[in-house]
Structure formats: structure tokens, C-alpha cells
Amino acid sequence: MIKIIPEAPENVAAFNATGEVTKEDFEQLVIPRVQQKVDQYGELNYLLYLDTDLDKFTMGAWIEDALLGVKNFTKWNRTAIVTDKEGVQNFTDAFSVLMPGECKSFPKENLYNALYWCTNGNEVEA
């Protein structure tokens with residue numbers, strides 16, 4: 001299941017993934033929200049808080065996720081993946097060289113720092 005993170009700044013499409021994530025989650029929530037942000041701001045600042053294992057994403061969810069990336073390829077500005085899974089963090093950071101815009105991983109304890117970074121490209125001073 002995917003839910004919108006209500007505390008997200010207005011220019012960030014921010015989602016929390018828990019339990020099983022399905023194609024319908026993308027079709028009914030993620031894609032419309034992302035399109036709204038792209039239409040409104042001309043770019044996409046995207047945050048995904050992973051509170052589930054990647055094997056909980058159905059094949060349909062992975063396909064919709066890939067299509068989302070392709071459809072808005074030139075609009076991606078900043079992408080934050082928030083997770084405590086080291087493998088996902090490493091993949092995100094390595095994959096960032098292939099993505100347009102900036103892509104960065106954050107540990108779960110730094111959710112608000114990730115939201116702040118998605119908003120303006122800066123991190124909160126420690």
C-alpha cells in the first residue's frame with residue numbers, strides 16, 4: 001500500500017510504501033499525484049519512504065514504477081529514497097549517475113532532512 005505523506009512540502013510528491021505495493025497503488029495514487037506536481041511545477045521532486053521490503057512490490061507495481069520514470073524522464077529534479085536497507089541505499093546512490101536530476105538515499109531517521117532536501121536541494125545543518 002502506498003499513502004501520500006501529508007507533511008511533505010507542496011512541491012514534493014512524497015509517498016510512504018508499507019506492506020504489499022501493487023499496480024493499483026501506482027495507477028490510483030502515485031501517477032496522478034506525480035502528474036499534478038509536474039503540471040504545477042514543471043519538474044518532479046519525489047520522495048519514497050520505504051517501510052516495506054522490495055519483494056513486497058508486485059510485478060505490476062515495478063512496471064508502473066518504470067513507466068513513471070520513463071514518462072517524466074526529463075522532469076525529474078530531486079529524488080529521495082528513505083530506507084534503512086543498506087542495499088537499497090547503495091543502489092540508489094549508484095543509480096543516481098544514470099538518473100536526470102539528483103537522486104539520494106537517506107536513512108529513515110532522516111525523513112525530514114530528506115523532505116527538506118527534496119524541496120530545495122539543501123540539507124538541514126546537523
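Any value given below was found using the heavy atoms of this structure, including those in side chains, with hydrogens, waters and symmetry copies removed. Positions are given from 1 along the sequence. Fair warning: this is a prediction, and the values are worked out from it, not measured in the lab.
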So, taking the atom named [atom1] in [X] and the one named [atom2] in [Y], what distance separates them when rounded to the nearest 0.5 Å?
X: Asp25; Y: Phe15; atom1: CG; atom2: CZ; result: 10.5 Å
X: Cys118; Y: Asn113; atom1: SG; atom2: CG; result: 10.0 Å
X: Arg33; Y: Leu44; atom1: CZ; atom2: CG; result: 11.5 Å
X: Thr79; Y: Glu102; atom1: OG1; atom2: CD; result: 9.5 Å

Indicate yes or no for a side-chain donor-acceptor contact from Asn110 to the backbone of Pro107 under 3.5 Å, with no hydrogens or angles considered.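 Checked: no pair found.
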
With Asn122, which residues qualify under side chain to side chain donor-acceptor pair (under 3.5 Å), at least two apart? none

Set of side chain to side chain donor-acceptor pair (under 3.5 Å) partners for Glu10, sequence neighbours left out: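 Lys37.
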
Any heavy-atom pair between the side chains of [Y] and [X] that's under 4.5 Å?
X: Gln36; Y: Val38; value: no
X: Lys85; Y: Leu50; value: no
X: Lys75; Y: Tyr41; value: no
X: Tyr112; Y: Glu7; value: yes
X: Val21; Y: Phe26; value: yes
X: Glu43; Y: Asn45; value: yes
X: Ile81; Y: Phe106; value: no
X: Val82; Y: Leu48; value: no

Contacts of [X] that satisfy side-chain contact (heavy atoms from CB on, under 4.5 Å) - sequence neighbours left out:
X: Gln28; value: Glu24
X: Asn16; value: Ile5, Thr18, Tyr49, Asp51
X: Thr119; value: Pro9, Asn11, Val12

Check against side-chain contact (heavy atoms from CB on, under 4.5 Å), Trp117 and Lys104: CA-CA 9 Å; Trp117 176 81; Lys104 192 170 184 174; 3.8 Å; yes

My understanding is that only residues two or more places apart in sequence, or in another chain, count here; which of them pass ring pair (Phe, Tyr, Trp, His ring centres under 6.0 Å) with Tyr116?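 Residues passing ring pair (Phe, Tyr, Trp, His ring centres under 6.0 Å) with Tyr116: none at all.
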
Identify the two heavy atoms, one from Ala14 and one from Leu115, that lie closest to each other, and give their separation to 0.1 Å.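 Residues Ala14 and Leu115, closest heavy atoms: CB-CD2, 4.0 Å.
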
